[in-house]
Amino acid sequence: MLGCTGASSSSGGETTPRFPADYQRVVTPDFAVQDTAGRAIANPFYGGLNTPRPQFVDIDGDGDEDLFLQERSGKIAFFERVTEGDTSRLVWRSDDYRGLDVGEWFRFADLDQDGTPDLLAEQPYSHIRAYRNVGTETDPEFELFSDSLRTPDGTAIFSDRQNIPNVTDIDCDGQLDLFLGRLDGTISRYEAAADTAGMPQFAHVTDDFEGIEIVNQQIGVRHGANTLTFADVNDDDAPDLFWGDFFEPGLLLIENTGTCGKPSLSGEPEAFPPNDPLQTSGYNAPALTDWTGNGELDLFVGVLGGSQDANASLAENFYFYENTGTEYRLRTRQFVGGVDVGSESDVAVGDLEGDGTLDLLLANKIDPTRGETSVVYRFSNEGTSTEPLYRKDGALDLPSAYHYAPALGDLTGDGTPDLLLGTWKGRIAYHQNEGDGTFEPVDEALVEVAGESHIVPALGDLTGNGRPDLVVGTGGGTLQVYRNTGSATDPAFTRAPDLLSDVDVGARAAPELRDLNGDGVHDLLVGAQEGVFVIENEGTTSSPSFGDTTRVERAGIPRLATPALNDLNDDGHLDLLMGSERGGLVLFQPRP
């Protein structure tokens, strides 16, 4: 059993959940999280998005389009569209849909024309893998058909892995066409030819489809990494071409001015939408579907981050434009929702105002809106201890620094938590709580960790003297312990080199001190670049002694996890919050 010596009983006779065996990932809990305007954030604990690649597909045959997203190499996330009366919402189901290995890109398409979506994906490196859907309209099941799609003469089809291709019947002849964007701004076309067991082979047609050559007018060279999508946006039964590109901050439309049987895409690319052209950091991945049910195709764009300051789109990167029939209206830049502050988030939990409710602090690596500094955002609990309501209410007033890592603990004995802030430079700054949740700087370098970077502090009383001690995680994956040798009102930290000197979690150690197994002493939960680890305290309340390092084997743990354990809803059980590489929050709670 991991991280636990056994189940204990609560005063009510209920079995206490064992960590982590009895914990599950929760994206939408039974308490609310709101943005600064007081609007509910959907899927608040999804974990954030940095480079979403979307596609809408009715995968379960219920008549509405579900959402698939790729954020990580090799995996597809799945959100089911659930309709209740006149409203619908996206419900997260999986970050690894059906265990399908998709490399760097995916495209659902009905390749064998049997009415159910099959799947194309990247076969590393830069070839095409095909999965056939052998299930039903309501219960899909995918089998690998070909690990490298080939032409009828046996030539493997090459597709640059950073480009996202597409499939459509461009000339309405009943045969699917495969289109591959190239790094030189041209497009290759393949057409379905002979089939094998119902699945098509694609014969090469041209590497100069319609003479298209996307060129950056400012620098006079062809574009690079790209995405392409076909959709009939003017209702003339001829599919038009959308192109997103690494060097292009907008989305380009090449209108098909021909007919269904005789396409013509020879015109100049135009910015889209026409009434409000998209402008992002670039490398935009479009998807179109009638989301609002008015008979018009709405526009969705995942921003992968191109040449126009990719950091600026690390939080707002999934655009939704509603097509009203007369114009496109931008509805949101965060379509899936989720708390998201950019990238490499770090979370701390504490009662900042001493009002009996827990608040949250959430920091990022570099803030997308403020540029060259990390920002620590505050989420105040405007609910109660048992029915929390977290509302984002702005950022702490802090000096500019790179990669803040907050930790909370009462360092002055006044009953409210003070703030320690680790930074990329290897320093820990000390800010004192004025008693109302505002912080005043005391020491910009209370602790300096020589030769280390990406410092992450954690506070907890390891020596039983009533004063918080300090555990520091480093970018190199090691841990250091500092005893609090100061007074109850004036902390001072002295290195204890005999503790945790042999721990190494690989890279980016992020510790949290908490009693994980109910024996009355602080254990360690340590996030890392890859995974989360438990180190049990086998000592006493006054003399800690840490045992072996054990990996937590749970699906859904994010990269660069920064854990914080606390009882968010006052039900007597610890909840696990984690910051993540993608800039959001991931939540694990005991199973009901």
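Everything numeric here is computed off the predicted structure, so don't read it as measured data.
Side-chain atoms of Thr485 and Thr494 form a donor-acceptor pair, as typed in the model, at a separation below 3.5 Å. If you check the side chains of Thr280 and Asn284, you find a donor sitting under 3.5 Å from an acceptor. The closest side-chain donor-acceptor pair between Gln589 and Asp575 falls under 3.5 angstrom. Side-chain contact of Asn50 with Ser343: a donor-acceptor pair under 3.5 Å is absent, judged by distance alone.
Taking a cutoff of 4.0 Å between a charged side-chain nitrogen and a carboxylate oxygen, Arg582 and Glu344 do not qualify as a salt bridge. Between Arg93 and Glu80 a salt bridge is recorded (basic side-chain N to carboxylate O distance below 4.0 Å). Between Asp66 and Arg81, no side-chain nitrogen of the basic residue sits less than 4.0 Å from a carboxylate oxygen of the acidic one, so the salt-bridge criterion is not met.
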Is there a ring pair (Phe, Tyr, Trp, His ring centres under 6.0 Å) between Tyr390 and Phe379 once you walk through the steps?
-> CA-CA 6 Å; Tyr390 292 103; Phe379 288 77; 7.8 Å; no
Candidate pair Asp418 and Tyr430, rule side chain to side chain contact (heavy atoms under 4.5 Å, CB included), full reasoning | CA-CA 8 Å; Asp418 303 294; Tyr430 170 33; 4.0 Å; yes
Report the C-alpha distance between Arg25 and Asp95 in whole Å, list the side-chain angles of each, state the deciding distance to 0.1 Å, and finish with yes or no for salt bridge (Lys or Arg N to Asp or Glu O under 4.0 Å).
-> CA-CA 11 Å; Arg25 184 178 174 191; Asp95 271 350; 2.9 Å; yes
In sequence, state the C-alpha distance, the side-chain angles, and the governing distance for Asp96 and Lys75, and then conclude on salt bridge (Lys or Arg N to Asp or Glu O under 4.0 Å).
-> CA-CA 5 Å; Asp96 188 14; Lys75 298 182 185 298; 3.4 Å; yes
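Between Tyr283 and Phe247, the ring centre distance reaches or exceeds 6.0 Å.
Side-chain contact between Leu408 and Leu459: absent, with no pair of heavy atoms (C-beta onward) separated by less than 4.5 Å. Counting heavy atoms from C-beta outward, Val534 and Leu516 have side chains that approach closer than 4.5 Å. No side-chain heavy atom of Thr562 sits less than 4.5 Å from a side-chain heavy atom of Met578.
Note: Phe300 and Phe320 have parallel aromatic rings, judged against thresholds of 30 and 60 degrees for the angle between ring planes. Ring pair Tyr23/Phe19 is perpendicular by interplanar angle, where above 60° counts as perpendicular and below 30° as parallel.
For the salt bridge (Lys or Arg N to Asp or Glu O under 4.0 Å) condition, the pairs that include at least one residue of residues 347-357, sequence neighbours left out, are Glu353-Arg378.
Legend: residues meeting side-chain hydrogen bond (donor to acceptor under 3.5 Å, both in side chains) with Gln55, ordered by chain and number and at least two apart, are absent. Not counting sequence neighbours, Ser94 has no partner by the side-chain hydrogen bond (donor to acceptor under 3.5 Å, both in side chains) test.
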